[in-house]
Asks: 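Dumping the structure here so I can ask a few things about it.
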Protein chains: 2
Amino acid sequence: MKRKNLTSDERKAATVEAVIALAASSNPADITTAQIGSYMDVTQGALFRHFPSKQEIWTAVMDWTANQLLARIDKVESDNPLDELEAMFVAHVDFVVTHPGIPPILFGELQRRGKTPAKALLQKLMAEYGVRLSTKLTRAKSAGLIACDTDIPAAAIMFLGIIQGLVMQSMMTGNSSMMREMSTRLFNIYLGGIGAKM
Amino acid sequence: MKRKNLTSDERKAATVEAVIALAASSNPADITTAQIGSYMDVTQGALFRHFPSKQEIWTAVMDWTANQLLARIDKVESDNPLDELEAMFVAHVDFVVTHPGIPPILFGELQRRGKTPAKALLQKLMAEYGVRLSTKLTRAKSAGLIACDTDIPAAAIMFLGIIQGLVMQSMMTGNSSMMREMSTRLFNIYLGGIGAKM
DNA sequence: CAAAAGATAGTGACTAAGTACTATCTTTTG
DNA sequence: CAAAAGATAGTACTTAGTCACTATCTTTTG
């Protein structure tokens, strides 16, 4: 069997992919460098040629995730802020459904004590997400599309919370296909909550 | 130094308490039997006199949690189902605020692969919680207190999701005191979402 | 009722199985 | 052929779980 050498960048990308794939079927905290290596048909020691420590692998994973998620929710474009919010919602749910390992990774990172680089990236991601939500909600309010007394910070937390709840539900039942269908039903309730005129 | 022997039941209860306390300041997955023992001023080996395995400790913790949480949300009593829902919401948030180790524990257990006894208990807890929510929402609908076309399953998921989101937010900022204040703001949006007449 | 006997809780040193990470040698590749 | 990627075989350390023994508590019995 002939061995295939990848460039350092390729191997880094493959590593991130491997971690995300593994996280879909095992607790992120329990993923070992040996498992990551074996997933890529590479020995465990080879990882340390590209990452100085395991923690750096998590940082790379968080970085990839943040970029992917923000890119997806930034792709929405409409002159109606409510349509944009719905598109963000759908894009986010879609991202999670197609990458079931991501939510456990985020939670695992969130639980970590102290401020690791990976956790800092996660906080930055959430902050930027929040800005986007607030902006669109404010525009919707100005346009008279939602109730004029809408509590925007609370509405932003709620937006993310709904997705959270969905993810949790699907992890509990092990059924992630219900997410897409349920997401529109949840979003309808959300629209009612912020007094959207339909 | 005189040694204090506890009965097996007392020691089990103390262990559960220790685990919950430790989970407030460190990742549940990283809690070792040595840490648990040291928290109670007992050696690590002593734990295995009362629990056959570490997994059984987690099961005991889940059992305690499920009983506590259900007891608290069952205490609410009113002739107005919406008031009951709000009281459940407040009771749940209060439980989480006073036991900050619980959410990480639940999420850690949820991530575990396969069906451990602890995970089964968690699923049972959620199922029972869901029943209570559906019952109250149905009563509210019959009484005309909320919109007659309310999507009850979605509303039940949403109820839990909001709490999820709150918890996540507080874990991110490390500020859990904002939870109580924010919870009423979120609940107001929720009421709007299910078309509550105010 | 006090002392012996038995039961139970806790100790401390150990083990076996991992873990992240490293030093050195080998293969691939431009 | 030289530089980069991977293999091999480690190191040093951590972890859940074990076990023979000891301290403490409870029950029996002369």
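Quick caveat: nothing in here was measured; it's all calculated off a predicted structure.
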Asks: Specify the residue among B:Q44 and B:T7 whose closest nucleotide of DNA chain C lies further upstream toward the 5′ end.
Replies: B:T7

Asks: Please work out if A:T32 contacts a base, only the sugar-phosphate, or nothing of the nucleic acid, heavy-atom cut-off 4.0 Å.
Replies: sugar-phosphate

Asks: Thinking salt bridges, do A:K136 and A:E84 make one under a 4.0 Å N-O criterion?
Replies: yes

Asks: Tell me whether the rings of A:Y190 and A:F159 are parallel (<30°), tilted (30 to 60°) or perpendicular (>60°).
Replies: perpendicular

Asks: Indicate whether any N or O donor in one side chain lies under 3.5 Å from an N or O acceptor in the other, for B:T7 and B:E10.
Replies: yes

Asks: Check whether any side-chain heavy atom of A:I162 sits under 4.5 Å from a side-chain heavy atom of A:F187, and report yes or no.
Replies: no

Asks: Atom CD1 of B:I36 to atom P of D:dG17: distance rounded to whole Å?
Replies: 11 Å

Asks: Check this for me, if you would: do B:R72 and B:D94 make a salt bridge, where the nitrogen-to-carboxylate-oxygen distance has to be below 4.0 angstrom?
Replies: yes

Asks: B:D30 CG to C:dA20 P: how many Å, rounded?
Replies: 12 Å

Asks: Would you kindly give the CG-to-P distance between A:N5 and C:dT29, to the nearest whole Å?
Replies: 5 Å

Asks: Let me know the distance between CZ of B:F51 and P of D:dT18, rounded to the nearest Å.
Replies: 15 Å

Asks: Flag the pair B:K141 and B:D149 as a salt bridge only when some basic side-chain nitrogen lies within less than 4.0 angstrom of an acidic carboxylate oxygen.
Replies: no

Asks: Below 4.0 angstrom, N of the basic side chain to O of the carboxylate: do B:D74 and B:R132 qualify?
Replies: yes

Asks: Remember a base hit wins even if backbone is also touched, and classify A:L47 as base, sugar-phosphate or nothing at under 4.0 Å, heavy atoms.
Replies: nothing

Asks: To the nearest Å, give me how far apart CG (B:D9) and C1' (C:dT8) are.
Replies: 13 Å

Asks: According to a strict under-4.0 Å criterion, is A:H50 in side-chain N/O contact with OP1 or OP2 of D:dA4?
Replies: no

Asks: So, is B:T33 near the phosphate of D:dA16, with a side-chain N or O under 4.0 Å from OP1 or OP2?
Replies: yes

Asks: Nearest whole Å is fine: how far is D:dT22 P from B:R49 CZ?
Replies: 14 Å

Asks: Are side-chain N/O atoms of A:N175 and A:S177 paired as donor and acceptor at under 3.5 Å?
Replies: yes

Asks: For Watson-Crick and G-U wobble pairs within 3.5 Å on both distances, what is DNA chain C written in dot-bracket notation, | included for inter-strand pairing?
Replies: ||||||||||||||||||||||||||||||

Asks: Please report the distance, rounded to the nearest Å, between CZ in B:R11 and P in D:dC25.
Replies: 13 Å

Asks: For the side chain of A:K4, counting heavy atoms from C-beta on, which of D:dA16, C:dG10, C:dT29 is nearest?
Replies: C:dT29

Asks: For B:I152, run the side chain to side chain contact (heavy atoms under 4.5 Å, CB included) check against B:L133, B:I146, B:L137 and tell me which one passes.
Replies: B:L137

Asks: Under 3.5 Å between N/O atoms: give me all the protein pairs with nucleotides 5-7 of chain C, atom names plus distance.
Replies:
none

Asks: What's the CZ-P distance between B:F48 and C:dA13, to the nearest Å?
Replies: 18 Å

